[in-house]
Amino acid sequence: MQTANRSRHDVVVAGGRVAGSATAMLLARLGHDVVVLDQASFPSDTVSTHSIARSGVVQLRRWGLLDEVLDSGAPAIRQVTFNAGGESTTRTIKDKAGVDFLVAPRRYVLDTILATAAEHAGAEVRSGVTVTGLQRDGRGRVVGVDGRDRSGAMVELGARFVVGADGLRSRVAELVGAAINEAGRAGGATQYAYYAGGRWVGFEFFVAERSFAGVFPTHDGQACIWVCTPSADAKAVRRRTPSRVEAFGQLLERSHPELALRLRHARRTSPVQGMLRQPNQLRQAFGPGWALVGDAGYYRDAITAYGISDAFRDAELLAAALNQALRGAVEEPTALAGYQQQRDQALREIFELT
């Protein structure tokens, strides 16, 4: 089998979505030689309800990417409405940290913006490449990755560091044997679909017994309509209905009839997607020659909607730590232990709340 590529770099990032491309972009801006590998090509979608909390919007602005997100057609969200117990309360989003709005760009848009920004910073983004193994030296240190491209040709990339940004079922985490240091209950389901033709004026949340639903306006006048329930409830409804669409409708009708009524006058533009069982877990973040970022290192139920913002934060923390190690300013174990400690402290409140 012909080798498609054999080269050596400062950092190879496995996974090119929000965590991976952000990490690569930041490292490339610091002058490092970075390659990003992803099975997918961009633009492409992934399972996500894709709202970005204020901290994530602040990061996009600081990175110089927020205007591009808005120019893509993602609406600036300036109000949030909470519905519970027959009452509705609307609040305007206040200016804080220089941001007075939220945003929920589709992932095929956001991920492409970040991957392109990584390329503009000097990183090489290679799509259609699947990581199949890790290279190690005689001491067991990770020193690169092996993979295959779409043609089946082998890819061999050496690196001073390998970053696993390849999601919940991370191949890198599996190959290095990254321990799950903390695990909470995995009892939540999140399902969603896109609708057009409705009046979406801001983020909306609907609270009911054993159910939490919402509206995230996004591109092209559409909105992501989602519902979070206990996994047992979602599975029970799925078993007694002939399709995901009918099960989704029943969950909304039972707990949030006012939202279900509005959707009857809108048009569903996508299949129903989501996960019926979402883990809450914290993995070991680093080892000799490797580190994890994004969902590969830390995954939580979508009910608190912090996945993208947390990925941005951890990308900054990891890029800073790797920059220190690559430049020899701090010893590698110290730099990466600092990354894990900062990550674990920063995520604690939301992780426990979730």
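For reference, positions follow the sequence shown, starting with 1.
- Among residue pairs with one or both ends in residues 128-157, none qualify as ring-ring contact (aromatic ring centres under 6.0 Å, His included); sequence neighbours excluded.
- Partners of Y306 according to the ring-ring contact (aromatic ring centres under 6.0 Å, His included) rule, which considers only residues two or more places apart in sequence or in another chain, do not exist here.
- Donor-acceptor pairing under 3.5 Å is lacking for the side chains of T112 and R106.
- Among residue pairs with one or both ends in residues 267-286, none qualify as salt bridge (charged side-chain N to carboxylate O under 4.0 Å, His left out); sequence neighbours excluded.
- Contact between G158 and V12 at its shortest, heavy atoms only, is O-CG2, 4.1 Å.
- Applying the salt bridge (charged side-chain N to carboxylate O under 4.0 Å, His left out) test to every pair with at least one member in residues 288-297, sequence neighbours left out, gives these pairs: D295-R300.
- Classification of D111 and R107 as a salt-bridged pair holds, one side-chain N sitting under 4.0 Å from a carboxylate O.
- Of the N and O atoms on the side chains of Q39 and R171, not one donor lies less than 3.5 Å from an acceptor on the other residue.
- A salt bridge links E182 and R348; the closest N-O separation between the charged side-chain nitrogens and carboxylate oxygens is under 4.0 Å.
- By the 6.0 Å contact criterion, CZ on R185 is open, its count of non-hydrogen atoms from other residues, nucleotides or ligands being 12 or less.
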Show the atom names and distances, to 0.1 Å, of all donor-acceptor pairs under 3.5 Å that link a side chain in residues 225-234 to residues at least two apart or in another chain.
| from | atom 1 | to | atom 2 | distance (Å) |
| --- | --- | --- | --- | --- |
| S231 | OG | G187 | O | 3.3 |
| S231 | OG | G188 | N | 3.4 |
| S231 | OG | G188 | O | 3.3 |
| S231 | OG | L276 | O | 2.6 |
| D233 | OD1 | R210 | NH2 | 2.6 |
| D233 | OD2 | R210 | NE | 3.0 |

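- A salt bridge between E258 and R262 is absent, with no side-chain N of the basic residue lying under 4.0 Å from a carboxylate O of the acidic one.
- Considering only heavy atoms from C-beta on, R17 comes within 4.5 Å of F42 through its side chain.
- Side-chain polar atoms of D38 and S127 form no donor-acceptor pair below 3.5 angstrom.
- Residues forming a ring-ring contact (aromatic ring centres under 6.0 Å, His included) with F351 (at least two apart in sequence, or on another chain): Y298.
- For the 3.5 Å distance criterion, the side chains of Q250 and T241 fail to qualify, holding no donor opposite an acceptor.
- Taking all atoms of both residues into account, the shortest heavy-atom contact from G294 to A311 is CA-CB, 4.4 Å.
- None of Y194, F216, Y192, Y108 except one satisfies the ring-ring contact (aromatic ring centres under 6.0 Å, His included) rule with H50; the exception is Y194.
- Listed by first then second residue, pairs satisfying salt bridge (charged side-chain N to carboxylate O under 4.0 Å, His left out) with a partner in residues 52-70 read R62-E316, not counting sequence neighbours.
- Nearest heavy atoms, S72 versus H219: OG-NE2, 2.9 Å.
- Cluster partners of M275, by chain and number: L168, Y299. The rule joins Ile, Leu, Val, Met, Phe, Trp and Tyr whenever side-chain heavy atoms lie under 4.5 Å apart.
- Residues V11, V13, L27, V34, V36, V125, F161, V163, F286, V293, L317, L322, L326, L336, Y339 make up the rest of the hydrophobic cluster containing L318, defined by ILVMFWY side-chain heavy atoms closer than 4.5 Å, directly or through other members.
- The backbone N or O of V155 sits nowhere less than 3.5 Å from a side-chain atom of D149 that would complete a donor-acceptor pair.
- The number of heavy-atom neighbours closer than 6.0 Å to CZ of R139, taken from other residues, nucleotides and ligands shown, is 12 or below.
- M25 and A117 get closest at one heavy-atom pair: SD-CB, 3.7 Å.
- Residues F203 and P217 form a side-chain contact, since some pair of their non-hydrogen atoms from C-beta on lies under 4.5 Å apart.
- Within 6.0 Å of atom CD in E253, more than 12 heavy atoms from other residues, nucleotides or ligands are found, so the atom counts as buried in its surroundings.
- Screening residues 235-271 for ring-ring contact (aromatic ring centres under 6.0 Å, His included), with sequence neighbours left out, gives no hits.
- The minimum heavy-atom distance linking A178 with Q284 is given by the pair CA-OE1, 3.7 Å.
- Here F82 pairs with F205 under the ring-ring contact (aromatic ring centres under 6.0 Å, His included) rule; sequence neighbours left out.
- Residues that satisfy the ring-ring contact (aromatic ring centres under 6.0 Å, His included) test with F312, not counting sequence neighbours, are W63.
- Side-chain contact check for V143 versus Q135: some heavy-atom pair is nearer than 4.5 Å.
- Closest of all the heavy-atom pairs between A53 and L102 is C-CD2, 4.1 Å.
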